[in-house]
Every structure is written in C-alpha cells, then in structure tokens.
S.K.: 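One structure, pasted below without further comment.
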Amino acid sequence: MYACICKAVTVDQVHAAIDSGADSIEAVGAMTRAGTDCSCCHDHLEDILEARCGSCPLAALAS
C-alpha cells in the first residue's frame with residue numbers, strides 16, 4: 001500500500017525510515033521523499049508515525 005502516491009512511497013518504506021530514526025514528516029520526507037510534493041499524504045504520514053513510533057516527539061504530542 002502506498003503512503004504517498006505522488007512519490008510512490010509505500011507504507012513499508014515509511015516504516016523503514018521511522019525504524020532508521022525518522023521522527024517527523026519532514027524526516028520521513030528527507031529519507032523517502034514522501035510528502036514532499038502535494039502534501040496530501042501528511043495526515044496519513046502522521047498516523048503512521050503515531051502508530052509506529054511511540055517515543056517520537058509527534059507521538060508524544062498526540063498522547
């Protein structure tokens with residue numbers, strides 16, 4: 001499944017970026033290019049970050 005259609009980035013690629021230290025949409029974008037075009041996937045990327053990264057700053061803000 002794609003997390004970002006514009007850049008053809010899959011959810012698995014986003015998971016790998018998070019597992020490698022990406023802790024924000026900007027960091028995921030830097031590693032995968034997801035969310036760097038039209039930004040329509042930012043909500044989805046936030047959801048993935050919150051679900052995958054309990055200790056990330058974004059996840060801490062959601063708690």
S.K.: I need the minimum non-hydrogen distance between Leu49 and Ile25, along with the two atoms involved.
M.R.: CD1-N, 3.6 Å

S.K.: Is there a side-chain contact between Asp23 and Ile18 (heavy atoms, below 4.5 Å)?
M.R.: no

S.K.: Quick one, Asp19 and Arg52 - any side-chain contact, counting heavy atoms below 4.5 Å?
M.R.: yes

S.K.: Okay, side chain of Glu50, backbone of Asp47: is any donor-acceptor separation there less than 3.5 Å?
M.R.: no

S.K.: Of all the heavy-atom pairs spanning Cys6 and Cys38, show the shortest one and how long it is.
M.R.: SG-SG, 3.6 Å

S.K.: Mind listing the closest non-hydrogen atom pair of Val9 and Arg33 along with its distance?
M.R.: CG2-C, 4.5 Å

S.K.: Locate the shortest heavy-atom distance separating Ala34 from Val28; write the atom from each residue and the value.
M.R.: CB-CG1, 4.3 Å

S.K.: Which heavy atom of Ala22 sits nearest a heavy atom of Met31, and at what distance?
M.R.: CB-SD, 3.7 Å

S.K.: Measuring from Cys40:SG to Leu45:CG, what's the distance to the nearest 0.5 Å?
M.R.: 11.0 Å

S.K.: Between Thr32 and Lys7, is the side-chain contact (heavy atoms from CB on, under 4.5 Å) condition met? List the steps.
M.R.: CA-CA 8 Å; Thr32 67; Lys7 299 297 183 180; over 6 Å; no

S.K.: Flag the pair His44 / Val11 as yes when at least one side-chain heavy-atom distance between them is below 4.5 Å, and no otherwise.
M.R.: yes

